[in-house]
Each structure stands twice: as C-alpha cells, then as structure tokens.
Amino acid sequence: MPKANQILRAPRIAIAILAAGKGTRLKSKHPKVLHEVGGKPLLAHVIAAATKVVPASDVFAIIGHEADRVRGAVAATGVGFVHQQEQHGTGHALMVARKALAAYDLVIVLSGDAPLITAQTIELLRDFHISKKAAMTLLTTRLENPVGYGRIVRKKAGSDEVRAIVEQKNLTPAQQKIHEINAGFYAFDAKLLFGHIDKLNASNHHGELYLTDMAAILGAAKQRVVAVQASNPHEVLGGNTRAELSEIDQHMRMGKCRQLMDQGVTILFPQTCVIDTDVEVGADTVIEPSVQLRGATRVGSDARIGSYSVILSCEIGDNVLVQTGCVLEHSVIRARASLGPYSHLRPGCEVCEDAHVGNFTELKKTRLGKGSKANHLTYLGDTEVGEKVNVGAGTITCNYDGVSKHKTIIEDGVFVGSDSILIAPVRIGRGAYVAAATTVTEDVPPDSLALGRARQIVKEGWAKEKREKAQTQKAK
Ligand code: UD1
Ligand code: CA
C-alpha cells in the first residue's frame, strides 16, 4: 500500500521533434522537413503521430533552418516550437530545448524526417522505457542495407542493454557488419538527460553534438540504456536523400491503398495510383489504374474514377462516374453526376446531382444544376446553370472583358444551341431557347427564342464555276 502522502501519478510526457536541420543531402532550397511524402510535409506526418499520443501542447518541434516557413506550415496543429538558431547537431537541439522540456518526467524524441512512425510505435517505446525504468531507450530495427544509419552496439548479444550507438562515419570494419540500426527515436528520463547532456562533445567527423552519444555517456554514469526493436522496419525510414524520400512515399502510398482496399474500395493496379494520406473513399468505389487522388479529396461509395484522372481536394458524391483523363480541383460533384472523358473543373465548381460534364469541357466557379448537361467542347466561367439545362457543343461564356469577370445566369430548362457565345453579364430566362451559333449580348426573357447570327446566303453553281475556271487556267 502506498503511504498516504505519496502521490502516484502518471509521468508527464513531452514529445520533441527534431526538425531544425537543413537537409544538405537533398540539395534543395526548401527546408528538409517541408519536403512532402504522401501529399504532406514530412514534419506534418510526425506531428500527426505524436499528437495521437500526447496533447499538441506537449509536443515541441525544434526548428532552425528556415524556421518561419516551417513554423507557418504546421502552426495550425497547435504544437509548440523551440528555436535552434544554429544547428550544431541532434544533441545540441535537445540542449536548446532544455527549458521547454525540463518540467516533464519523460521526453520522447522523434525525428522530423522520419514520417512513417505510428502512434503505436511511439507507445511501444514509451511503455518499454517505463517498464525497464531506463534512463534512455532507443528504438531500433534491422535493415537489409543499414548504410547511413547509426549502428547499435549491444552490451551482450540478446541483452536489452546498449553500450553505444556508432555513426556511419565512425564505424570500425567489424561494426560495419551490424544490421541493427538506430531509428532516431528515443525516450529519456528528463532529469537524467539534462543532468548529463553537457557531457556531449563534438569530437566526431562532423564536429557536431550527437544525441546518440548519450547512450555511452549515460552508460558510463551507470544508468540503464536499453533498446526495443520496432516491429515494422519501414516505420523508421528517414528521408535524407531524394531516393529515400521516394522510397518513403511509395511505402506510404501503398499503405494507403491497402487501407482503402480493407475498407471495401477496389483499386486496379494500386502501384500506379497516387493517393494522398488524408484522402477518403467509400466502399464499392472503383479506382482505375493511374489515378491521382490528392489533398483533402473525399469520394463517396459506388463511384468510379477513370484512369489518368487527377483530383485535387474535391468532394465527390456516391455513384459518380469520372471517366478517363479528368482534372478536377477544389470542387464539389454531387451524387450520380458524370464527368469526362477529359473534363476540367477549375476551383469553385459545383456539379449537382445527375448532371453531365463531357469531353473537353472546362468549368470555373460554375454551378451546374441538377440534371443539366454540358457535354462537349464548352467553357463555362462564373456561371450559374439551373436544372435540366442543355448546353450545346462549343458553347462559350465570355466572362472576362480584360479587366473584370462577369456572371452568366442560365435559368432552369434553358436550351443553349451549339456554338453559342454568351457575353457576360447576361441572363437567359427560364425555358428560353438560344439558337445555335448565336452571340448573346442581351438578357433573354423566359420562354423566348434568341437568335443572333448572320443570315445564310447561297450562290448556286459557284463552286462548279470556280473549279472550271481553275481547269482552263491550268490548260493554258
Ligand atoms: C540520425 C542519427 C542516426 C540514426 C538516424 C536515423 C544522430 C547523430 N544520428 O542520423 O544514429 O540512425 O538519425 O534516421 O543523431 N536536426 C536538428 N538540429 C541539428 C541537427 C539535426 O534539429 O542540429 C534534425 C534534422 O533536421 C533531422 C533530425 O534532426 O530531422 C536527424 O538529423 P539528421 O542529420 O537527419 O541525422 P541522420 O544523419 O539521419
Ligand atoms: Ca535523418
């Protein structure tokens, strides 16, 4: 029985995410942790996993290189930030964060460039650390090709305890054969970490303060340093190079496809599809080969998305048919609508229930009402189309006069003949007809016919005469 004055409480846990580095090996003008995999910055993935384990107010991103850009990209997550002005290594990053972290009992350290980490693995690290009453616990895994990673030197084979982590550049020939690597995720007893962190020194290849050296430092201070293996070796992959980023991206996207397939989505040749992490798709929807579903796209159930369609942050209802080669951005497509092949929705469109958008039709900031059709070679910009409207082939709204944009309104039941030009601002009243090839410059009242084209003239025999003339000239 605990004594009455003994307070038993859960340890206060902070998560620090190392995200200050430049990412020299990427050869990029953009900060490393803002490079994207699965359609989101590396750091955003790590934050998403961390905030499943502790509240955002206990997560601290340590930023430095291009700090303002990095902060701006993830500020909405509500995490805290620590500024590491100059980057003198992963150990130095934690020294800088001492003030923010010292009030916690346990500090979990994640790497901002290793985005496949899951909440379950962070919890495994936390629980193992607590159960072993360790000063430092590191997550490891065995990699077929361990080159580039810090290697784990255990005290004895099979022991939980670790003697040291040796960085790639400092490996002895014997150590080069070690396949167990340091994933770059740690749990520390905060008091012991900050009690000994000043012992780090920069006597290594890069002249940096390596957090990994804490293993040997804490060991020498007779503190327990242990390691736990991650069950899924892919979770620890870090993106130091473009090739590694591509490998991580592929893992993430195949994982996403597998998750959707588990939820009842059919994906044909998932290897060819690019589906971002945050995309949602309903059951019995079919995704054909080479489809991209990006950003915050949501697709309902029983829909079909045709090959080579690229869909960015759209909401797509149930039973929608998107045929081959559509490009759809920031738009809403309601149930049973059909698009394509080769339709283009620019931002701000709404295609209502049972509406059709066909080949080579472009819509911008346009609402196409229920059951309406714009099936061929049409441009509708800043247009409101009512219900059951037929927009004939080749119809164009002239929404831009070179200075400002103007609206076109086409009311319910209108029939717009092919090759018509609607010069905005203009309104076509309910049930009206626009004759083919009309240039509409004035409002058309409901139920009327607008006809505005040059009258046809016919010159009989003209073509025959022309041919005969040409023949006699040749003969001369
Ligand atoms: C690190 C580990 C290595 C491990 C590997 C796993 C060290 C010394 N080595 O190597 O044992 O196998 O991760 O992926 O820790 N960062 C800062 N401030 C700095 C320096 C780095 O915030 O001053 C950040 C980086 O932005 C990055 C993370 O720390 O997100 C790791 O740094 P990185 O240079 O990628 O270390 P690795 O060489 O991958
Ligand atoms: Ca790294």
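All ligand and atom numbering here is 1-based and tracks the order in the structure.
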**Minimum side-chain heavy-atom gap L18-F185 below 4.5 Å** = no
**Item:** Exercise: do H83 and R71 side chains pair donor with acceptor under 3.5 Å
**Value:** no
**Asked** Do L94 and I62 touch side chain to side chain, with heavy atoms closer than 4.5 Å?
**Response** yes
**Complete:** Note: E167, heavy atoms under 4.0 Å from ligand 1, region reported as side chain
**Fill in**
Shell check on the Ca ion (ligand 2): protein N, O or S atoms less than 3.0 Å away are D113 OD2, N240 OD1
**Prompt:** Which heavy-atom pair separates K132 from R224 by the least distance, and what is that distance?
**Reply:** O-NE, 3.0 Å
**Q87-H65 side chain donor-acceptor pair, cut-off 3.5 Å** = no
**Nearest-neighbour protein heavy atom for atom 26 (O) of ligand 1, which is reported as residue plus atom name and distance** = G21 N, 2.8 Å
**Message:** Tell me whether D354 is salt-bridged to K370, with the criterion being a basic N under 4.0 Å from an acidic carboxylate O.
**Reply:** no
**Prompt:** Side chain or backbone of A19 under 4.0 Å from ligand 1, or both, or neither, by non-hydrogen atoms?
**Reply:** backbone
**Asked** Of all the heavy atoms in M95, does at least one lie under 4.0 Å from an atom in ligand 1?
**Response** no
**Prompt:** Would you say the side chain of T212 lies within less than 4.5 Å of the side chain of Y186, judging by non-hydrogen atoms?
**Reply:** yes
**Request:** Using a strict cut-off of 4.0 Å, indicate which atoms of ligand 1 neighbour a heavy atom of T212.
**Result:** 7 (C), 8 (C), 9 (N), 11 (O), 15 (O)
**Asked** At under 4.0 Å between heavy atoms, which part of D113 makes contact with ligand 1: side chain, backbone, both or neither?
**Response** both
**Message:** Students should be able to answer this: which protein heavy-atom is nearest to atom 35 (O) of ligand 1, and at what distance?
**Reply:** K32 NZ, 2.9 Å
**Message:** Can you report which non-hydrogen protein atom sits closest to atom 4 (C) of ligand 1, along with the distance?
**Reply:** N182 O, 3.1 Å
**Message:** If we count only N and O atoms by modelled type, under 3.5 Å, do the side chains of E329 and H344 hold a donor and an acceptor together?
**Reply:** yes
**Asked** Do S111 and V46 touch side chain to side chain, with heavy atoms closer than 4.5 Å?
**Response** no
**Request:** For D318 and G300, work out which heavy atoms get closest and say how close.
**Result:** OD1-CA, 3.3 Å
**Prompt:** Can you list the atoms of ligand 1 that are under 4.0 Å from a heavy atom of A183?
**Reply:** 6 (C), 14 (O)
**Asked** Looking at K32 and D113, does any basic side-chain N land under 4.0 Å from a carboxylate oxygen?
**Response** yes
**Asked** Do any nitrogen or oxygen atoms of G150 lie less than 3.5 angstrom from nitrogen or oxygen atoms of ligand 1?
**Response** yes
**Item:** Which segment of Q84 sits under 4.0 Å of ligand 1 when only heavy atoms are counted
**Value:** side chain
**Asked** Short list, please: which atoms of ligand 1 are under 4.0 Å from a heavy atom of Y210?
**Response** 8 (C)
**Request:** Return the residue, atom name and 0.1 Å-rounded distance of the protein heavy atom closest to atom 30 (O) of ligand 1.
**Result:** L18 O, 2.9 Å
**Message:** By the salt bridge (Lys or Arg N to Asp or Glu O under 4.0 Å) test, which pairs, at least two apart or in different chains, include something from residues 146-158?
**Reply:** R154-E180, K155-E161
**Prompt:** Is it the side chain, the backbone, both or neither of Q168 that has a heavy atom closer than 4.0 Å to ligand 1?
**Reply:** neither
**Request:** Using the six-membered ring wherever Trp is involved, compare the ring planes of F360 and Y342 and label them parallel, tilted or perpendicular (cut-offs 30° and 60°).
**Result:** parallel
**Asked** Looking at atom 6 (C) of ligand 1, is any protein heavy atom nearer than 4.0 Å to it?
**Response** yes
**Prompt:** Considering only the protein, which heavy-atom contact is closest to atom 32 (O) of ligand 1, and what is its distance?
**Reply:** T90 CG2, 3.8 Å
**Asked** Taking the non-hydrogen atoms of G89, is any one of them nearer than 4.0 angstrom to ligand 1?
**Response** yes
**Prompt:** At their closest point, which heavy atom of P41 faces which heavy atom of V33, and how far apart are they?
**Reply:** CB-O, 3.7 Å
**Request:** Examine ligand 1 and decide if any of its atoms is less than 4.0 Å from a heavy atom belonging to H92.
**Result:** no
**Taking every non-hydrogen atom, the tightest pair across N201 and D213** = O-OD2, 4.3 Å
**Message:** So that I can tick it off, tell me whether D382 and K407 are bridged by a salt bridge, with the cut-off set at under 4.0 angstrom between side-chain N and carboxylate O.
**Reply:** no
**Asked** Which atoms form the tightest heavy-atom contact between R367 and C352, and what is the distance?
**Response** NH2-SG, 3.7 Å
**Prompt:** Can you tell me the protein heavy atom closest to atom 22 (O) of ligand 1 and the distance?
**Reply:** A20 N, 2.8 Å
**Asked** With atoms numbered from 1 as shown, which atoms in ligand 1 lie under 4.0 angstrom from a non-hydrogen atom of N240?
**Response** 35 (O), 39 (O)
**Request:** Tell me, yes or no, whether the heavy-atom count around K40 atom NZ, taken from other residues, nucleotides or ligands under 6.0 Å, exceeds 12.
**Result:** yes
**Request:** Report the nearest protein non-hydrogen atom to atom 31 (C) of ligand 1: residue, atom name, distance rounded to 0.1 Å.
**Result:** S111 OG, 3.6 Å
**Asked** For atom 33 (P) of ligand 1, what's the nearest protein heavy atom and its distance?
**Response** R25 NH2, 3.9 Å
**Request:** Examine ligand 1 and decide if any of its atoms is less than 4.0 Å from a heavy atom belonging to I181.
**Result:** no
**Request:** Give a yes/no verdict on whether any heavy atom in G238 is under 4.0 Å from an atom of ligand 1.
**Result:** no
